Asks: 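Let me begin by handing over the structure; questions about it come next.
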Amino acid sequence: MGTIQLRNVKKQFEKDVVIENLNLEIKDGSFTVLVGPSGCGKSTTLRMITGLDDPTDGEIYIDGQKVNDVTPGKRDIAMVFQNYALYPTMTVRQNISFGLENKKVPKEERDRRVKEICEIVGLTEYLDRKPSKLSGGQRQRVALARAMVKQPKVFLMDELLSNLDAKLRAQMRVELIELHKRLGTTFVYVTHDQTEAMSMADTIVLMKDGYIVQQSSPRELYNNPNCVYAAQFIGTPQMNVLRNVLSDGRMLGFRPERVLFEEPQVPHITIQVKVATKEMLGSEIIYSLSSRYGTLMAKSEYEIDSGTETKIYVPFTSMYLFDQNEKRVELDVGEQELIKRTFEK
């Protein structure tokens, strides 16, 4: 079992309160990703779970056991860092088995576990090499194997893929998803990269300024963000938010990929725009559009030249409404005609 609970957790460094009153539950066997910008508190949260940092206040539980006073080595967890922290003078085999030797695991059992884990992560043919003779992806696998061989309840990973190039990051994302399915263990992963969060997680914890903005599945976070911050953090390009359009101070949002260049047969708003720039991305094109409401972004298969003046259309079914405090509210069907007339002025 690998359930994690943080109850009313606070973390303060001298006078700087990084996290205040954080309540978080991570389900056993989940792949949970803590995501947010630098300084939001995600890595500090992870370090408190590992025991590398102590909470200033509050309680941390792993499988129902309070671990505030339990040392990192006795929490039955394994942490994998972005810098791998491999021993350069040891072979792959020695790096992976080192922790088991310290725990006095018999050699036969050590060898069995190392062989089994290396087959899973594809390191069998590299067992006698040293880290300097491995690629970045292979060193990543050694770090994972070293954690896996301990058979922990929880795997904790901090910005694990940030040192890899784009192609290898994509490959390692797939491998981590497959690894999680194979092990069935709780994975907690920290990143600032929304692509990593959306592609790997079954649960995303979006953080800002030391608190949780929204905790949900990737699909729920994308389709039903609870505020402007959540709406604009997820999605590339980020959601268009029109702030000074409605007289009551509420805001309208719509994702670039929902922008249409041909008038639909459903209720919609119409906006006059000029194509400022276009970026060809193969099957899709990203447009930067100048409008009376500022710069708007669109992502579409529809092709139109830069400098062209045209109209875009946004169906009401693709729109989001936020109140004056930037919280999501329902877009009432009865308001649609009023909003439509606002854009026709």
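No experiment lies behind these values; they were computed from the predicted model shown.
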Asks: Do Arg75 side-chain atoms and Val67 backbone N/O form a donor-acceptor pair below 3.5 Å?
Replies: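 Yes, because the side chain of Arg75 sits within donor-acceptor range (under 3.5 Å) of the backbone of Val67.
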Asks: Among the clusters formed by ILVMFWY side chains lying less than 4.5 Å apart, do Val314 and Leu338 turn up in the same one?
Replies: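 No, Val314 does not connect to Leu338 through the hydrophobic network.
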Asks: Is a side-chain donor-acceptor pair under 3.5 Å present for Thr308 with Thr310?
Replies: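 No.
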Asks: Is it the case that over 12 heavy atoms from other parts of the model lie below 6.0 angstrom from the CD atom of Glu344?
Replies: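 Counting neighbours around CD of Glu344, more than 12 heavy atoms of other residues, nucleotides or ligands fall under 6.0 Å, so yes.
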Asks: Would you say Met251 and Tyr320 are hydrophobically clustered, going by side-chain heavy atoms of ILVMFWY under 4.5 Å?
Replies: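 Yes, Met251 and Tyr320 fall within the same hydrophobic cluster.
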Asks: Is it true that atom CD of Glu119 has more than 12 heavy atoms of other residues, nucleotides or ligands lying nearer than 6.0 Å?
Replies: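 Yes, enclosed.
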Asks: Minimum heavy-atom separation for Glu159 and Tyr189, please, with both atom names.
Replies: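 So the two residues come closest at C-OH, 4.3 Å.
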Asks: Shortest non-hydrogen contact from Ser291 to Ile271?
Replies: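 In this case the closest contact between Ser291 and Ile271 is CB-CG2, 4.1 Å.
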Asks: Considering non-hydrogen atoms only, spot the tightest contact between Arg243 and Val228 and give its length.
Replies: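 Minimum heavy-atom contact is NH2-CG1, 3.7 Å.
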Asks: Hey, are Lys107 and Asp111 close enough for a salt bridge, meaning a charged N less than 4.0 Å from a carboxylate O?
Replies: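 So Lys107 pairs with Asp111 through a salt bridge.
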Asks: Is the number of heavy atoms from other residues, nucleotides or ligands within 6.0 Å of CG (Asp332) greater than 12?
Replies: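 Above 12, so yes.
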Asks: Any idea which heavy atoms bring Leu144 and Val80 closest together, and the distance?
Replies: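 Shortest heavy-atom contact: CD2-CG2, 4.3 Å.
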Asks: Would you indicate whether the side-chain heavy atoms of Arg169 and Glu196 approach each other to under 4.5 Å?
Replies: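 Answer yes - side chains close enough.
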Asks: With no hydrogens and no angle check, is any side-chain donor or acceptor of Asp165 less than 3.5 Å from a backbone partner on Lys167?
Replies: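 A pair under 3.5 Å: yes.
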Asks: Between Glu303 and Lys278, is the salt bridge (charged side-chain N to carboxylate O under 4.0 Å, His left out) condition met? List the steps.
Replies: CA-CA 9 Å; Glu303 188 159 3; Lys278 59 186 291 189; 3.4 Å; yes
Asks: Count the heavy atoms of every other residue, nucleotide or ligand shown that sit under 6.0 Å from NZ of Lys133, and state whether that count exceeds 12.
Replies: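 Not more than 12 within 6.0 Å, no.
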Asks: Does the distance from a Lys or Arg side-chain N to an Asp or Glu carboxylate O, for Arg112 and Glu109, drop under 4.0 Å?
Replies: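 Glu109 and Arg112: salt-bridged.
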Asks: Sub-3.5 Å donor-acceptor pair from the side chain of His180 to the main-chain atoms of Thr185, do we have one?
Replies: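 Judged by distance alone, yes, a pair lies under 3.5 Å.
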Asks: Salt bridge or not between Asp53 and Arg47? Use side-chain N to carboxylate O under 4.0 Å.
Replies: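 Here Asp53 pairs with Arg47 in a salt bridge, since their nearest N and O are under 4.0 Å apart.
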Asks: Identify the heavy atoms of Val9 and Pro55 that sit nearest to each other, and give their distance.
Replies: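 For Val9 and Pro55, the tightest heavy-atom pair comes out as CG1-CB, 4.0 Å.
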Asks: Starting at CD of Gln215, measure out to CG of Asn23 and round the result to the nearest 0.5 Å.
Replies: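 Going from CD on Gln215 over to CG on Asn23, the span is 10.5 Å.
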Asks: Would the Tyr287 and Tyr302 ring centres measure less than 6.0 Å apart?
Replies: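 Ring centres of Tyr302 and Tyr287 not closer than 6.0 Å.
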Asks: Which atom pair, heavy atoms only, marks the closest approach of Leu206 to Phe233?
Replies: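 That would be CD1-CD2, 3.7 Å.
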Asks: Is the positively charged end of Arg146 above the ring of Phe98, judged by distance under 6.0 angstrom from the centroid and angle within 45° of the axis?
Replies: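 Verdict for Phe98: no cation-pi partner in Arg146.
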